[in-house]
Protein chains: 2
Amino acid sequence: MQPKEILKEHVSKTASLTDEQFDYFFSHFTYKTFKKGQTIIGEGDKVDCEYFVLSGYLKSFFINDDMKMFILQFAMPTWWASDYNALYSGERATISLDCITDAEVLCLTGHDREKLCNEIHASEHFFRWRTNRGYVAAQKRLLSFMNNNARHRYEELLAQYPTLYNVVPKQLIASYLGVSRETLSRLYHS
Amino acid sequence: MQPKEILKEHVSKTASLTDEQFDYFFSHFTYKTFKKGQTIIGEGDKVDCEYFVLSGYLKSFFINDDMKMFILQFAMPTWWASDYNALYSGERATISLDCITDAEVLCLTGHDREKLCNEIHASEHFFRWRTNRGYVAAQKRLLSFMNNNARHRYEELLAQYPTLYNVVPKQLIASYLGVSRETLSRLYHS
DNA sequence: TTTCAATTGTGATGTAGGTCACATAGTTTC
DNA sequence: GAAACTATGTGACCTACATCACAATTGAAA
């Protein structure tokens, strides 16, 4: 399937744009490819895009003072990723984004997103709903952190994204769950 | 200050509505008052409103199988609160909402929010930005959970919302931080 | 195929924070 | 103002998970 069709199918699930509107909408996106391990957003970068994943897996993550990594999100096809705090506030990136596998993405600048939201009411509707789902998901994950232990969170993650298990190194899954890789290893070997 | 002015000042920070548009916008809100301890949304309820706080403090929270409470959010004046998952999906409430102090709120039904978003582009813009900020805040809190210990999170919370310390029982602060009240007590007595 | 690096497994030990039990304040209620 | 709650403090002990050290395995490179 072509990038344009993938995005169109995705957007049309929450917003009704006419064909001409969608053509215009799509014209603001830039196609890019990245290799496994490549950095898309590095700490301290100026952030001016968000990324729609066409193929491959990305991760967005934070590195603390002890060089420990925490994964905020695995981004898979039809997911969006960026350092949204930096993108909206204009601050430098504290969240990094890189490629777990080779990946194809569509880039949209923050400027163009706002322009599209102004010009096409339906596109603002789309972005409102997208963020909405993200907000609800973040709240759920927060609750899961407070409520559940590591094993529970691990099972939850695999139930929700079975494909991750094969694609993503266990270390990264541990970083997502907020436990050490040793603990994760012990979890599923007992 | 009047409810209408409070909301107008709040909305105008992110969206430009004409006076007539705002009058129309405001006409969809219902003013309500609640007493300290009163439940606004209870577990299992049908959720059809979100609430804009004019005065007082609310808390949104989740109770797990062991009857342990986890606080998702303290809502203070000019904040919004609801069980957004339930409100958007139509499912029954899993998140409850009640009053820490006497409170005045403005209620907006989910139906009216969507109606307003359709009819007034600027109001969709407002709700997109509001949710945006919520999303970024939820992500930050998630990172803080993974990265910081209880003491650090406690200091972070007090630095951000100094007024909470006087208004909110320590038990609730513990529930927000995701620690036991005993642990919280030990934190600031040493 | 050999080599070197990255990933994963596993034991020993440390620690933050949980749980239980009970004491001590404060606050409503009658 | 006594009684009855509700919110807090504090000790003793427990548990999930972290950390460190090193072994084993897998994978990529040459």
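Reckoned from all heavy atoms, side chains included, excluding hydrogens, waters and symmetry mates.
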cation_pi(A:R141, A:Y176) dist<6.0 Å, angle<=45
yes

Hey, does the Lys NZ or Arg CZ of B:K4 hover above the aromatic six-ring of B:F22, less than 6.0 Å from the centre and inside 45° of the axis?
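Verdict for B:F22: no cation-pi partner in B:K4.
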
Side chains of A:Y135 and A:Q139, donor plus acceptor under 3.5 Å:
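Looking only at side-chain atoms, A:Q139 and A:Y135 do form a donor-acceptor pair, the distance falling under 3.5 Å.
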
Check the side chains of B:E156 and B:S144 for a donor-acceptor pair under 3.5 angstrom, ignoring hydrogens and angles.
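Yes, a side-chain donor-acceptor pair sits under 3.5 Å.
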
What is the distance, to the nearest angstrom, from the [atom1] atom on [X] to the [atom2] atom on [N]?
| X | N | atom1 | atom2 | answer |
| --- | --- | --- | --- | --- |
| A:K68 | D:dA18 | NZ | C1' | 7 Å |
| A:N166 | C:dT7 | CG | P | 17 Å |
| A:M69 | C:dA6 | CE | C1' | 13 Å |
| A:Q171 | D:dG27 | CD | C1' | 14 Å |
| B:I100 | D:dT6 | CD1 | P | 17 Å |
| A:F70 | D:dC17 | CZ | C1' | 13 Å |
| B:H189 | D:dG11 | NE2 | P | 12 Å |
| B:H152 | C:dT15 | NE2 | C1' | 19 Å |

If you assign A:K36 and B:K170 each to the DNA chain D nucleotide with the nearest heavy atom, which residue ends up on the more 5' nucleotide?
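Result of the comparison: B:K170.
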
Does this structure show an ion pair linking B:K36 with B:D98, if we count only N-O contacts that are shorter than 4.0 Å?
no

Between B:R113 and B:E50, is the closest basic N to carboxylate O distance under 4.0 Å?
yes

Those residues of residues 177-188 of chain B lying under 4.0 Å from DNA chain D by at least one heavy atom
B:R181, B:E182, B:S185, B:R186, B:Y188

